[in-house]
Amino acid sequence: MTIFSKIIAGDIPSYKIAESEKFFAFLDIFPIKKGHTLVIPKIEVDKIFDVPDEFLSELLVFAKPIARAIEKCFPCDRVNIITVGLEVPHAHVHLIPINRPQDMHFDNPKLKLSKEEFVKIQQQIIAEMEKAVSKW
Ligand code: AMP
């Protein structure tokens, strides 16, 4: 079982942002920017382009309201989607607010956030998503 499957199962804690039947989103524990979020399919497949079409095609649509909420909470030029995948063999995308290309570099020092700061970021993003839903 991958560490991300354990997170989905609730065996390892995470700062959950959103969940559906097929996907799970949570804050990256070693963020390179505030709001750095991971989106994962609820299936164990290592490489992103080995993910079955049904999941792959829906992943962006699941990520969209999350990315919009991150952009509202952490003003930036845009929220970018990045795949790396070299560390955890469970396909995932990173959502990262950026202003310049360097903001996406994984060599940048990771932010050291307290539990309280993670919870605040989590709550901010969730609140923005709820605001967006209530506008419909
Ligand atoms: P990569 O596989 O190279 O895309 O990197 C995996 C990402 O998962 C890294 O940015 C890690 O900080 C993040 N990560 C690893 N373990 C956890 C965890 N338990 N909770 C949240 N994020 C994690």
Side-chain angles (χ1 to χ4, degrees):
M1 205 181 192
T2 67
I3 187 169
F4 286 174
S5 288
K6 289 179 185 166
I7 286 177
I8 293 167
D11 295 338
I12 290 180
S14 71
Y15 299 98
K16 177 173 141 179
I17 299 295
E19 183 174 9
S20 72
E21 195 191 326
K22 291 200 181 94
F23 304 103
F24 193 93
F26 56 107
L27 297 181
D28 194 299
I29 206 71
F30 299 114
I32 54 175
K33 298 294 285 180
K34 275 192 177 180
H36 182 172
T37 297
L38 300 176
V39 179
I40 59 179
K42 289 183 174 177
I43 45 166
E44 284 194 353
V45 175
D46 178 6
K47 297 177 188 170
I48 189 82
F49 289 119
D50 287 337
V51 170
D53 289 358
E54 178 200 350
F55 282 84
L56 201 53
S57 57
E58 291 177 29
L59 190 140
L60 280 182
V61 177
F62 177 79
K64 180 174 166 175
I66 303 170
R68 285 186 161 165
I70 296 170
E71 193 171 316
K72 287 240 163 63
C73 297
F74 304 100
C76 56
D77 184 78
R78 66 198 56 220
V79 169
N80 252 12
I81 186 164
I82 300 166
T83 66
V84 186
L86 295 170
E87 192 187 309
V88 179
H90 185 137
H92 54 278
V93 299
H94 298 254
L95 302 179
I96 305 180
I98 65 156
N99 288 305
R100 49 200 191 122
Q102 293 89 322
D103 291 339
M104 293 181 287
H105 290 177
F106 281 80
D107 294 339
N108 291 341
K110 306 288 185 286
L111 303 180
K112 292 205 171 64
L113 304 177
S114 64
K115 185 173 189 303
E116 289 71 29
E117 286 173 303
F118 273 115
V119 169
K120 191 174 167 210
I121 292 168
Q122 176 192 30
Q123 289 173 346
Q124 279 177 283
I125 298 172
I126 291 172
E128 275 304 331
M129 288 175 71
E130 284 169 357
K131 256 195 248 171
V133 168
S134 66
K135 278 188 194 146
W136 288 96

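In each ligand, atom 1 is the first atom listed, and ligand 1 is the first ligand listed. Along the sequence shown, residues are numbered consecutively beginning with 1.
Using a distance-only test at 3.5 Å, with no hydrogens or angles considered, a donor-acceptor pair links the side chain of E44 to the main chain of T2. A donor-acceptor contact shorter than 3.5 Å links the side chain of K42 to the backbone of S20. A donor-acceptor pair is defined here as one N or O able to donate and one able to accept, closer than 3.5 Å; no such pair exists between the side chain of N99 and the backbone of C76.
If you number the atoms of ligand 1 from 1 as listed, the ones under 4.0 Å from a heavy atom of L27 come out as 21 (C). Ligand-side atoms of ligand 1 in range of H92: 1 (P), 2 (O), 4 (O), 5 (O), 6 (C), range being under 4.0 angstrom from any heavy atom. Short contacts between ligand 1 and L38, defined as distances under 4.0 Å to a heavy atom of the residue, involve ligand atoms 8 (O), 13 (C), 22 (N). Close approach of ligand 1 to I7 is summarised as follows: ligand atoms under 4.0 Å from at least one heavy atom of the residue are 18 (C), 19 (N), 20 (N).
Shortest contact from atom 5 (O) of ligand 1 to any protein heavy atom: E87 CB, 3.6 Å. Counting only heavy atoms of the protein, atom 11 (C) of ligand 1 lies nearest to D28 OD1, 3.4 Å. Protein heavy atom nearest atom 23 (C) of ligand 1, with residue, atom name and distance: I29 CG2, 3.7 Å.
Under the ring pair (Phe, Tyr, Trp, His ring centres under 6.0 Å) test applied with F4, the options F26, F24, F23 reduce to a single match, F26.
Residue contacts with ligand 1, taken as heavy atom pairs separated by less than 4.0 Å, involve F4 solely via side-chain atoms from C-beta onward.
Between H94 and ligand 1, at least one pair of N/O atoms sits closer than 3.5 Å. Here's the thing with I3: none of its N/O atoms is less than 3.5 angstrom from an N/O atom of ligand 1.
Under the 4.5 Å side-chain heavy-atom criterion for grouping Ile, Leu, Val, Met, Phe, Trp and Tyr, I17 is not connected to I96 through any hydrophobic cluster.
Contact between F26 and ligand 1 is present, with at least one heavy atom of the residue lying under 4.0 Å from the ligand. In this structure, S14 falls outside the shell of residues with a heavy atom less than 4.0 angstrom from ligand 1.
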Exercise for review: Go through the steps to decide whether H90 and I8 satisfy the test side-chain contact (heavy atoms from CB on, under 4.5 Å), and finish with yes or no.
Suggested key: CA-CA 12 Å; H90 185 137; I8 293 167; 4.2 Å; yes

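Between atom CE of residue M1 and atom CD1 of residue I12 there is a gap of 9.0 Å, rounded to the nearest 0.5 Å.
In K64, the NZ atom is not crowded: 12 or fewer heavy atoms of neighbouring residues, nucleotides or ligands sit closer than 6.0 Å.
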